[in-house]
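Since the structure is predicted, the reported quantities are computational estimates derived from the model, not experimental observations.
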Amino acid sequence: MWHVLEENKSIWIALTTIYGIGRSRSNKILDILKINPMKKVKDIDEDEQKKLSDQLKSLVLESDLKREIAHAIKRLKEIKCYKGMRHNVGLPVRGQCTRKNARTAKKLLGRSKVRPVLKK
């Protein structure tokens, strides 16, 4: 994991390069371990490195997290709920306006798939 993090960045920003860790989660992890967030990655000693890797092992990150998300979306598509149907068609899922927005989604799909959904 340490070869992935950029050496000259602060640890709290470098952790955000890992899929599943954002800025707030990064700060929470560092607060729990009592590591200075402004410390550079190259300045972290082995003890702190071991604590950090143990903490990260307890979280669902990277490919496992992507697999969970894909499984959840697949489940929605299989039960054919509203959100699943929106995922299938490639339109916004969380209630965003599509009359004036979501142009890129519509362009990627082509009008043939979007029009019947918009008419209903």
Side-chain angles (χ1 to χ4, degrees):
M1 182 197 82
W2 293 104
H3 62 281
V4 176
L5 302 181
E6 212 173 299
E7 298 238 337
N8 294 324
K9 286 189 176 183
S10 299
I11 186 69
W12 79 281
I13 291 292
L15 282 174
T16 60
T17 60
I18 300 169
Y19 185 83
I21 297 181
R23 292 179 176 210
S24 61
R25 198 175 206 187
S26 170
N27 278 324
K28 284 179 189 174
I29 291 168
L30 294 172
D31 284 343
I32 290 168
L33 300 176
K34 295 180 177 60
I35 297 174
N36 182 11
M38 298 312 290
K39 205 176 207 181
K40 301 283 186 194
V41 174
K42 62 184 174 186
D43 298 333
I44 289 190
D45 60 349
E46 286 186 31
D47 182 44
E48 291 174 331
Q49 189 174 335
K50 187 177 183 321
K51 283 182 192 173
L52 197 54
S53 62
D54 289 342
Q55 184 73 25
L56 292 178
K57 282 179 186 170
S58 66
L59 302 172
V60 179
L61 302 170
E62 296 286 326
S63 58
D64 296 332
L65 182 60
K66 287 179 184 176
R67 197 177 308 111
E68 274 187 24
I69 292 168
H71 179 69
I73 291 171
K74 186 178 176 188
R75 192 187 119 263
L76 291 173
K77 288 178 181 180
E78 284 175 0
I79 62 173
K80 295 191 176 167
C81 68
Y82 181 77
K83 282 176 79 172
M85 290 168 68
R86 301 291 283 187
H87 271 294
N88 261 342
V89 180
L91 288 170
V93 177
R94 298 182 181 172
Q96 294 94 326
C97 171
T98 56
R99 189 167 191 174
K100 300 216 173 8
N101 301 336
R103 285 177 192 241
T104 51
K106 291 177 187 175
K107 281 180 189 173
L108 291 172
L109 286 170
R111 282 298 199 192
S112 61
K113 282 188 180 177
V114 177
R115 259 229 173 91
V117 175
L118 293 177
K119 282 184 179 177
K120 287 181 183 178

Would you call [X] and [Y] a side-chain contact if the rule is heavy atoms closer than 4.5 Å?
{"X": "Glu62", "Y": "Ile18", "result": "yes"}
{"X": "Ile29", "Y": "Ile21", "result": "yes"}
{"X": "Ile44", "Y": "Lys39", "result": "yes"}
{"X": "Asp31", "Y": "Lys28", "result": "no"}
{"X": "Thr98", "Y": "Arg86", "result": "yes"}
{"X": "Leu59", "Y": "Leu65", "result": "no"}
{"X": "Val60", "Y": "Glu68", "result": "yes"}

- request: Please step through salt bridge (charged side-chain N to carboxylate O under 4.0 Å, His left out) for the pair Lys51 and Asp54, ending with a clear verdict.
  value: CA-CA 5 Å; Lys51 283 182 192 173; Asp54 289 342; over 6 Å; no
- request: Apply the test side-chain contact (heavy atoms from CB on, under 4.5 Å) to residues Val93 and His87: give CA-CA distance (whole Å), side-chain angles for both, the deciding distance (0.1 Å), then the verdict.
  value: CA-CA 7 Å; Val93 177; His87 271 294; 3.7 Å; yes
field: Heavy atoms of other groups near Lys83 NZ, more than 12 under 6.0 Å
entry: no
- request: Can you establish whether the number of heavy atoms outside Glu46 located under 6.0 Å from its atom CD is more than 12?
  value: no
Closest heavy-atom contact between [X] and [Y]?
{"X": "Thr16", "Y": "Ser26", "answer": "CG2-CB, 4.3 Å"}
{"X": "Gly84", "Y": "Lys77", "answer": "O-CG, 3.7 Å"}
{"X": "Gly20", "Y": "Arg25", "answer": "O-NH1, 2.8 Å"}
{"X": "Met38", "Y": "Ser10", "answer": "O-OG, 3.7 Å"}
{"X": "Pro37", "Y": "Leu30", "answer": "CA-CD1, 3.8 Å"}

Let me confirm one number: the [atom1]-[atom2] distance from [X] to [Y], rounded to the nearest 0.5 Å.
{"X": "Asn8", "Y": "Ile13", "atom1": "CG", "atom2": "CD1", "result": "14.0 Å"}
{"X": "Ile32", "Y": "Leu52", "atom1": "CD1", "atom2": "CG", "result": "11.0 Å"}
{"X": "Lys80", "Y": "Met85", "atom1": "NZ", "atom2": "CE", "result": "8.5 Å"}
{"X": "Gln49", "Y": "Ile35", "atom1": "CD", "atom2": "CD1", "result": "10.0 Å"}
{"X": "Ile73", "Y": "Asn88", "atom1": "CD1", "atom2": "CG", "result": "10.5 Å"}
{"X": "Leu5", "Y": "Ile11", "atom1": "CG", "atom2": "CD1", "result": "5.5 Å"}

task: Take Asn101 and Gln96 through the test side-chain contact (heavy atoms from CB on, under 4.5 Å) and record every step on the way to the result.
output: CA-CA 8 Å; Asn101 301 336; Gln96 294 94 326; 5.9 Å; no
